[in-house]
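These figures come from a predicted structure and were not determined experimentally.
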Amino acid sequence: MSQVFEGYERQYCEISANLSRISSSATVLDGEQKKQKVSEIAGGLEEADALLRKMDLEARSMPPGTKASLLAKIREYRNDLNSLKTEMNRLKSGNLAARDDLFDSGKADANQVLADQRARLMMTTERLNKSTDGIKDSRKTMLETEELGVSILHDLHQQRQSLLHANNTLHAVDDTIGRSKKLLTSMSRRMNRNKWILGSIVAILVLAIILILYYKLTR
C-alpha cells in the first residue's frame with residue numbers, strides 16, 4: 001500500500017469518526033443547533049467523498065493484487081459514507097412531530113439508533129487505529145530501509161577508497177616498471193657498446209699478433 005493512500009485513508013477515518021460523533025449528538029437536538037450540526041455533517045460528507053475519490057484514483061494506479069484489495073476497502077468505506085448520508089437526510093427531514101412520534105414509540109428505537117451509531121463509531125475508530133498502525137509499520141520499514149541504504153553507501157565509500165588506493169598503487173608500480181624498463185634499456189645499450197669495444201680490442205690484438213708473427217717469420 002502506498003503512503004499516499006494511507007494518508008488519504010487516515011484522513012477519511014478521522015472525518016468519518018467525527019461525523020459519527022456529530023450525528024449521534026444531533027439526534028437529541030432541535031432548532032438551530034440541529035441545523036448547525038446537519039450543516040457540519042454535510043460539509044464533512046463532501047470532504048470525505050472527495051477523499052474517497054482520491055483514494056480510488058490512487059488505488060487504480062497500484063499493481064493488480066494490491067488494487068483489488070484497496071478497491072474492496074473503498075467500497076466498504078462508501079457503504080459507511082452512504083449510511084452517514086442517510087442519517088444526515090433523516091436528521092434534515094425530521095420535524096417536531098416526527099420527533100414526538102419517535103419518543104412516543106418508546107426509547108427502544110432511540111437506543112437502537114444510538115447503539116448503531118456507537119457501533120459505527122467504534123468500527124471507524126478501529127479502522128483508524130489499523131490505519132495508524134499501518135503508517136507506523138511503513139515508517140519503521142522506511143527507517144530500516146534508510147539505515148540499510150546508509151550502510152550500503154558507507155560500504156561503497158570504503159570500497160571506492162580501496163579502489164582509489166589500489167589505483168594509486170598501480171600507478172606507482174607502473175612508474176617503477178617504466179623506470180626499470182628505461183634502466184634495462186640503458187644497460188642493454190651499454191652492454192652492446194662494450195661488446196663492440198671488446199670485439200674491436202680483440203680484433204686489434206689478433207691483428208697485432210699476426211703482424212708480429214709475420215714480421216718474425218719474414219726475418
Quick check: closest heavy atoms across [X] and [Y], and the distance to 0.1 Å?
X	Y	result
Leu51	Tyr12	CD1-N, 3.6 Å
Gly44	Ile15	O-CG2, 3.6 Å
Lys67	Met62	CB-O, 3.9 Å

I would like to know whether Arg10 and Glu6 meet salt bridge (Lys or Arg N to Asp or Glu O under 4.0 Å); could you show each step before the answer? CA-CA 6 Å; Arg10 179 177 176 81; Glu6 289 178 350; over 6 Å; no
Going by heavy atoms in the side chains, are Lys73 and Glu9 under 4.5 Å from each other?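 With C-beta onward as the side chain, the pair touches.
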Are Ser20 and Leu84 packed together at the side-chain level, in the sense that at least one heavy-atom pair is separated by less than 4.5 angstrom? yes
Donor-acceptor pair, distance only, cut-off 3.5 Å: does the side chain of [X] make one with the backbone of [Y]?
X	Y	result
Thr176	Ala172	yes
Asp49	Leu45	no
Asp174	Leu170	no
Asn82	Arg78	yes

Taking only residues two or more places apart in sequence, or in another chain, which ones meet Gln158 in a side chain to side chain contact (heavy atoms under 4.5 Å, CB included)? His154, Asp155
Please name all residues satisfying side chain to side chain contact (heavy atoms under 4.5 Å, CB included) with Ile152, sequence neighbours left out, ordered by chain then number. Leu148, Leu156
[atom1] of [X] to [atom2] of [Y]: how many Å apart, nearest 0.5 Å?
X	Y	atom1	atom2	answer
Arg21	Glu40	CZ	CD	12.0 Å
Arg160	Leu153	CZ	CG	12.5 Å
His157	Ser162	NE2	OG	9.5 Å
Met88	Ile22	CE	CD1	12.0 Å
Leu71	Thr66	CG	OG1	10.5 Å

Those residues at least two apart in sequence (or on a different chain) that pass salt bridge (Lys or Arg N to Asp or Glu O under 4.0 Å) with Arg60 are Asp56
Under 4.5 Å between side-chain heavy atoms, counting indirect links through other Ile/Leu/Val/Met/Phe/Trp/Tyr residues: same cluster for [X] and [Y] or not?
X	Y	result
Met191	Leu183	no
Ile201	Ile210	no
Ile74	Val4	yes

What salt bridge (charged side-chain N to carboxylate O under 4.0 Å, His left out) pairs are there with at least one residue in residues 177-200, not counting sequence neighbours? none
With ILVMFWY side chains joined below 4.5 Å, transitively, what does Ile177's cluster contain besides itself? Val173
Connected to Leu211, directly or through other members, by ILVMFWY side-chain contacts below 4.5 Å are Leu207
